[in-house]
Undergrad: 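Just passing along the structure, written as structure tokens.
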Amino acid sequence: MKVAWAGSREAFQVSDRMAKLVANDPVFEKFSKPMLGRKELFKNTLRKAAYAWKLINDLRLTEEEAKWLRHYIDEPNYTDLHWEMFVPAIEGQGTKEQKKKWLPLAQTMQIIGTYAQTELGHGSNVQGLETTATFDRQTDEFVMHSPTLTSSKWWPGGMAKVATHAIVYARLIIDGLFHGVHGFIVQLRSLEDHSPLPGLTLGDIGMKFGHGTYNTMDNGVLRFDHVRIPRNQMLMRVSQVTKEGKYAQSDVPRQLLYGTMVSVRQTIVADASKALSRAVCIATRYSVVRRQFGSRNGGPETQVIDYKTQQSRLFPLLASAYAFRFVGEWLKSLYIDVKQRLEANDFSTLPETHACTAGLKALTTAATADGIEECRKLCGGHGYLISSGLPELFAFYVPACSYEGENVVMMLQVARFLVKTVSNLGYKQPVGTAAYLGRVTPLLQNNCAVQTAEDWLNPDAILEAFEARAARMVIGCGERLAMFENPEEGFAELSIDLVEASLAHCQLITVSVFIQKLNHEIPGNGVKRSLEVLCYVYALFLLHKHQGDFLATGYLTPKQASLANEQLRTLYSKVRPNAIAFVDSFNHMDHYLCSVLGRYDGNVYPKLYEAAWKDPLNDSDIVDGIQQYVQPILKQKLHYAKL
Ligand SMILES: CCCCCCCCCCCCCCC/C=C/C(=O)SCCNC(=O)CCNC(=O)[C@H](O)C(C)(C)COP(=O)(O)OP(=O)(O)OC[C@H]1O[C@@H](n2cnc3c(N)ncnc32)[C@H](O)[C@@H]1OP(=O)(O)O
Ligand SMILES: Cc1cc2nc3c(=O)[nH]c(=O)nc-3n(C[C@H](O)[C@H](O)[C@H](O)COP(=O)(O)OP(=O)(O)OC[C@H]3O[C@@H](n4cnc5c(N)ncnc54)[C@H](O)[C@@H]3O)c2cc1C
């Protein structure tokens, strides 16, 4: 199962080796993080990032190993932006010459970069950005400027204190004409003494949600006061500006300017299963240790995992972790394929890839953030302790619903893709993840054939139900949209239904990828049978949760929906015997989990007790403030004694 989770034996070995490397090195200790103030926290992160870079070089780690190393260090920092956004932006949007100049510097970290797109006034609406890059023909330069307060760059990670360079997105202006938003490589700091370059105002935007998690990152604010950069620092793969000031667009579609976001959204989907599996591992192990009620004849009480209600909240999350792991793996292969095509100037699969990355990013991050919080509740009161590992994990994870494309905004992008696909149905056969929309007639006409609860243990029945629900919702939106004279007005008016249809489409992708995975790639029959159970749990849980959609579209009868639910409950008892094995297969080490409740050895209570005594408040019996503020109250003569 560990191999199935990791994707291959080699992938397992690489991640396992890196997990152990981090766990066994005292530099990467992280239990004390919540006690540190902001400055100490930040410095501590800088120290770890520097040490990690040394390890990467000394041990000659591969790119894959370096990624896992950074992952297990488990602290957001400037290197995330450098490797996940700055480097890919140059790779995807730079010309050959630009790549030749900038990539070696970035890949050896002689420069450190960030991705400065979002502004105080605009994040989602990229075309609404206000920073300007005005071409000056006399000097062959662009003048970068922040004309308003709302044009201040706001949020870029690593920018406040570390990054020496940034890809800055700004409106290109030539001779007073606006040519849309483009990316520019801008140096922010001196490579000698690290001070901000003249004309730049740089700072940190302030503390964020949670304590020891995202506050390790220096998210920054940046303002330009007529800062000049050479013309060749505009990323020019998509469009070019000549030294005469001529603006030209190559054959490459403009959307490639958004390519870095496609790349990171793919990574975010791949990472959702890491965060969710981490929470599920903690909650499952603790649910086996924790006992409440049900003692008979003085025997032990019931393990809380044996309560049906606990199972109905926990096991769908366990199944979702596996579903997200497999859909992340699948999306990665789709992305690798599109990347190769883009390099060869084949842009045909970009719209579908954009829709998949945007939609799956929204689906997986929302479910993961909610899932982590549910796991916290599944651990009862102890889940609220920082030492459970869950509050900090939630605080760290939840911004994924907003960054890299706010989730609703992303679902609306999926909706645009689906509406376009449907309106082209007469003359263009949909392919890939939208292929089912090419079979609308049977999907709209045929109804579900299930007659017993066992009938739901059939991948074809499940797949058809999800296809029919998505097709009916998408086609329904398409028909209603056609009634509007102005399509944009119609889109805005129907946006709630469109987001729901997009979710149905994305859930269909996750379910069908899970089924596909079972059909082709599972080593060993025992593993396959166990994963089949999780696959059914995932699909039938979604069916139960969204049964309103399935019923309203008329594909299912209420009886068939309740048979699905009956089957789901039966499946929980099949998950129970393997629950611990399922979470052990994630191969999460205690260091990574950073949770007293999720310890591998189950030794929860002594360790909880021990952890409590490490709190600084327990350094002494009488702490600072008691004599000054509490004793006087205790010793005062009460005026209101009679009351
Ligand atoms: C325990 C472990 C857990 C680990 C979790 C962490 C993971 C670690 C990952 C790496 C670390 C990274 C840290 C995160 C740091 C965060 C960084 C950021 O947030 S950077 C900023 C991100 N900003 C956004 O995402 C902005 C969102 N907005 C947009 O993308 C666009 O403005 C828009 C798509 C919403 C609208 O675009 P616009 O041009 O205004 O309008 P249209 O809708 O008309 O689009 C035109 C046309 O283009 C197509 N399109 C849009 N986007 C893309 C794209 N990316 N690729 C391809 N095509 C695209 C769109 O569909 C339209 O097509 P058309 O055919 O014309 O209909
Ligand atoms: C931790 C973190 C790290 C970040 N790192 C970076 C970084 O490194 N670089 C960078 O450039 N940016 C970064 N960002 C910024 C991030 O990309 C934006 O916050 C994100 O894109 C969302 O945009 P917004 O803040 O403008 O949200 P808004 O768009 O203002 O969203 C507010 C609300 O409006 C709704 N809404 C917006 N538009 C529509 C619409 N068309 N239809 C319906 N509803 C709509 C949204 O659904 C949401 O509910 C980071 C953000 C965070 C939280």
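The figures here come from the full heavy-atom set of this structure, side chains too, leaving out hydrogens, waters and symmetry mates. For ligands, and for the atoms within them, numbers begin at 1 and follow the listed sequence. Starting from 1, each residue takes its place in the sequence as its number.
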Undergrad: At a non-hydrogen distance cut-off of under 4.0 Å, which region of V408 contacts ligand 2 (side chain, backbone, both, or neither)?
TA: side chain

Undergrad: Please indicate whether any nitrogen or oxygen in Q413 is less than 3.5 Å from any nitrogen or oxygen in ligand 1.
TA: yes

Undergrad: Out of T132, I229, V186, which one pairs with F224 under the side chain to side chain contact (heavy atoms under 4.5 Å, CB included) rule?
TA: V186

Undergrad: Please say whether Y115 places an N or O atom under 3.5 Å from an N or O atom belonging to ligand 2.
TA: yes

Undergrad: Could you tell me, atom by atom, which parts of ligand 1 come under 4.0 Å of a heavy atom of Y115?
TA: 20 (S)

Undergrad: For ligand 2, indicate whether the residue S402 contacts it via side chain, backbone, both or neither (heavy-atom separation under 4.0 Å).
TA: backbone

Undergrad: Measure centre to centre between the rings of F326 and W330, then say whether the value is under 6.0 Å.
TA: no

Undergrad: Taking only heavy atoms of G123 into account, list the atoms of ligand 1 that are under 4.0 Å away from them.
TA: 26 (C)

Undergrad: Considering only the protein, which heavy-atom contact is closest to atom 56 (N) of ligand 1, and what is its distance?
TA: V262 CG2, 3.4 Å

Undergrad: For Y592, counting its heavy atoms only, list the atoms of ligand 1 lying under 4.0 Å from any of them.
TA: 1 (C)

Undergrad: Can you find an N or O of H122 that's nearer than 3.5 Å to an N or O of ligand 2?
TA: no

Undergrad: Tell me, which protein residue and heavy-atom name are nearest atom 7 (C) of ligand 1, and how many Å apart are they?
TA: D271 OD2, 3.3 Å

Undergrad: Taking the inter-plane angle between the rings of H82 and F86 on a 0 to 90° scale, is it parallel (under 30°), tilted (30 to 60°) or perpendicular (over 60°)?
TA: parallel

Undergrad: Checking a contact table here: which protein heavy atom is nearest atom 58 (N) of ligand 1, and how many Å away?
TA: Q255 CG, 3.2 Å

Undergrad: For atom 26 (O) of ligand 2, which candidate among G123, P76, P399 holds the nearest heavy atom?
TA: G123

Undergrad: Establish, from distance only, whether the side-chain atoms of E75 and T45 form a donor-acceptor pair under 3.5 Å.
TA: yes

Undergrad: Are the aromatic rings of F484 and F491 close, with centres under 6.0 Å apart?
TA: no

Undergrad: What atoms of ligand 1 come closer than 4.0 angstrom to any heavy atom of Q117?
TA: 21 (C), 22 (C), 23 (N), 24 (C), 26 (C)

Undergrad: Give the single entry among Y78, W154, W155 that approaches atom 51 (C) of ligand 2 most closely by any heavy atom.
TA: W155

Undergrad: Before signing off on this row, confirm whether Y403 and ligand 2 have an N or O atom pair separated by under 3.5 Å.
TA: no

Undergrad: When you look for heavy atoms under 4.0 Å from ligand 2, do you find them on the side chain of L412, its backbone, both, or neither?
TA: side chain

Undergrad: With atoms numbered from 1 as shown, which atoms in ligand 1 lie under 4.0 angstrom from a non-hydrogen atom of H71?
TA: 2 (C)

Undergrad: Considering only protein heavy atoms, which is closest to atom 40 (O) of ligand 1, and at what distance to one decimal place?
TA: Q127 CG, 3.5 Å

Undergrad: State the atoms of ligand 1, each with its element, that fall below the 4.0 Å cut-off from a heavy-atom position in F396.
TA: 1 (C), 2 (C), 3 (C)

Undergrad: To check your reading of the model: name the closest protein heavy atom to atom 59 (C) of ligand 1, its residue, and the distance in Å.
TA: H354 CD2, 3.4 Å

Undergrad: Any nitrogen or oxygen of T114 lying under 3.5 Å from a nitrogen or oxygen in ligand 2? Just yes or no.
TA: no

Undergrad: Provide the number and element of each atom of ligand 1 under 4.0 Å from a heavy atom of M261.
TA: 22 (C), 23 (N), 24 (C), 25 (O), 26 (C), 30 (O)

Undergrad: Please state whether S124 comes within less than 4.0 angstrom of ligand 1, counting heavy atoms only.
TA: yes

Undergrad: To check your reading of the model: name the closest protein heavy atom to atom 17 (C) of ligand 1, its residue, and the distance in Å.
TA: E404 OE2, 3.1 Å

Undergrad: Between H182 and Y247 (judged by ring centroids, cut-off 6.0 Å), do the two rings come close enough to count as a pair?
TA: yes

Undergrad: If we set the cut-off at 4.0 Å for heavy atoms, which region of N125 has an atom near ligand 2: side chain, backbone, both, or neither?
TA: neither

Undergrad: Identify the closest protein heavy atom to atom 46 (C) of ligand 2: which residue and atom is it, and at what distance?
TA: E406 OE1, 3.2 Å

Undergrad: Hey, is ligand 2 close enough to T118 that some N/O pair sits below 3.5 Å?
TA: yes

Undergrad: Closer than 4.0 Å to some heavy atom of V409 - which atoms of ligand 1 meet that?
TA: 35 (C)

Undergrad: Is a side-chain N or O of Q413 found less than 3.5 angstrom from the main chain of H354, in a donor-acceptor match?
TA: no

Undergrad: Record the part of E404 in heavy-atom contact with ligand 2 below 4.0 Å; permitted values are side chain, backbone, both and neither.
TA: backbone

